[in-house]
Amino acid sequence: VQLQASGGGLVQTGGSLRLSCAASGRTFRTNVMGWFRQAPGEEREFVAAASGIGPSTYYSAPAKGRFTISRDKDKNTVHLQLNSLKPEDTGVYYCAARGSAGWSIAVVTRPSAYDYWGQGTLVTVSS
């Protein structure tokens, strides 16, 4: 099983990026998928998650209103649209998938709840 993240890059404050994560090796149609990020010297933090059953999504406070997670189940892909980017959004963004469809805010916001991880894609926002 592989998750391949792409779409990162260098962007100015206020700019936008669209991250993509393509899964292969199994289907994640009904599984929770999410995005996390890690800034230099910081712990990995939750950004957004999307349920595989129904339309439920959840965002961290910094992401809410600026980022949008979406899924293309036919293509086994999850996207993260980043708008109004700020320098503090800089970091490596990781996509992840749970091995189950279980949806609980207390669970899907934890890195330990995810079984599969992509390699990360670097987002750098210049001031």
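On a predicted model such as this, the values are computed, not experimentally measured, just so you know.
In the hydrophobic clustering of ILVMFWY residues, with side-chain heavy atoms under 4.5 Å counting as a link, Val123 and Val78 come out together. When hydrophobic clusters are built by joining Ile, Leu, Val, Met, Phe, Trp and Tyr residues whose side-chain heavy atoms come closer than 4.5 Å, directly or via intermediates, Trp35 is not grouped with Val32.
Under a cutoff of 6.0 Å and an axis angle of 45°, Arg98 and Trp103 do not form a cation-pi pair. By the 6.0 Å and 45° rule, Arg44 stacks over the aromatic ring of Tyr94.
Side chains of Leu10 and Ser126 form a contact here, defined as non-hydrogen atoms less than 4.5 Å apart. The shortest distance between side-chain heavy atoms of Glu88 and Ser127 does not fall below 4.5 Å. For the pair Ser51 and Thr57, the minimum side-chain heavy-atom distance is 4.5 Å or more. Between Cys21 and Gln4, the closest side-chain pair of non-hydrogen atoms is not below 4.5 Å. Residues Arg66 and Asp89 have side chains in contact (heavy-atom distance under 4.5 Å, counting atoms from C-beta outward). Using a 4.5 Å cut-off on side-chain heavy atoms (C-beta onward), Asn31 and Tyr116 make no contact. Using a 4.5 Å heavy-atom threshold, the side chains of Gln38 and Glu45 count as separate. Counting only heavy atoms from C-beta outward, the side chains of Leu85 and Leu17 approach each other to under 4.5 Å.
Between the OG1 atom of Thr77 and the CZ atom of Phe28 there is a distance of 11.5 Å, given to the nearest 0.5 Å. Between the CG atom of Leu80 and the CE atom of Met33 there is a distance of 12.0 Å, given to the nearest 0.5 Å. Rounded to the nearest 0.5 Å, atoms CZ (Arg71) and CG (Asn76) are 8.0 Å apart. Considering OG of Ser104 and OH of Tyr58, their distance stands at 10.5 Å, rounded to 0.5 Å. Rounding to the nearest 0.5 Å gives a distance of 7.0 Å between OG of Ser100 and CG of Asp115. A distance of 4.5 Å separates CG in Leu82 from CZ in Phe67, rounded to the nearest 0.5 Å.
Taking a 6.0 Å sphere around CD of Gln2, one finds it holds 12 or fewer heavy atoms contributed by other residues, nucleotides or ligands. A 6.0 Å sphere centred on NZ of Lys75 holds no more than 12 heavy atoms belonging to other residues, nucleotides or ligands.
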Discussion item. Before you tell me yes or no, could you show the steps for Tyr59 and Phe46 under ring-ring contact (aromatic ring centres under 6.0 Å, His included), namely the whole-Å CA-CA distance, both residues' side-chain angles and the distance that decides it to 0.1 Å?
Written reply: CA-CA 8 Å; Tyr59 298 89; Phe46 170 78; 8.2 Å; no

Item to complete: Could you give me the CA-CA distance, side-chain angles and deciding distance for Val108 and Tyr114, then say whether side-chain contact (heavy atoms from CB on, under 4.5 Å) is met?
Response: CA-CA 8 Å; Val108 302; Tyr114 293 78; 3.6 Å; yes

Fill in: Verdict with supporting geometry, Thr124 and Val11, side-chain contact (heavy atoms from CB on, under 4.5 Å)
CA-CA 6 Å; Thr124 304; Val11 64; over 6 Å; no

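Closest of all the heavy-atom pairs between Thr109 and Pro111 is O-CD, 3.8 Å. Residues Gly8 and Thr121 share a closest heavy-atom pair of N-OG1, 3.0 Å. Of all the heavy atoms in Pro62 and Arg37, the pair that sits closest is CB-NH2, 3.9 Å.
One side chain, His79 or Ser20, offers a donor N or O that lies under 3.5 Å from an acceptor on the other.
Residue Gln81 forms a side-chain contact (heavy atoms from CB on, under 4.5 Å) with just one option from Leu19, Ile69, Thr68, and that option is Thr68.
No side-chain donor-acceptor contact under 3.5 Å links Asn83 to the backbone of Ser16.
Using the six-membered ring where Trp is involved, Phe36 and Trp117 have ring planes that are tilted, between 30° and 60° apart.
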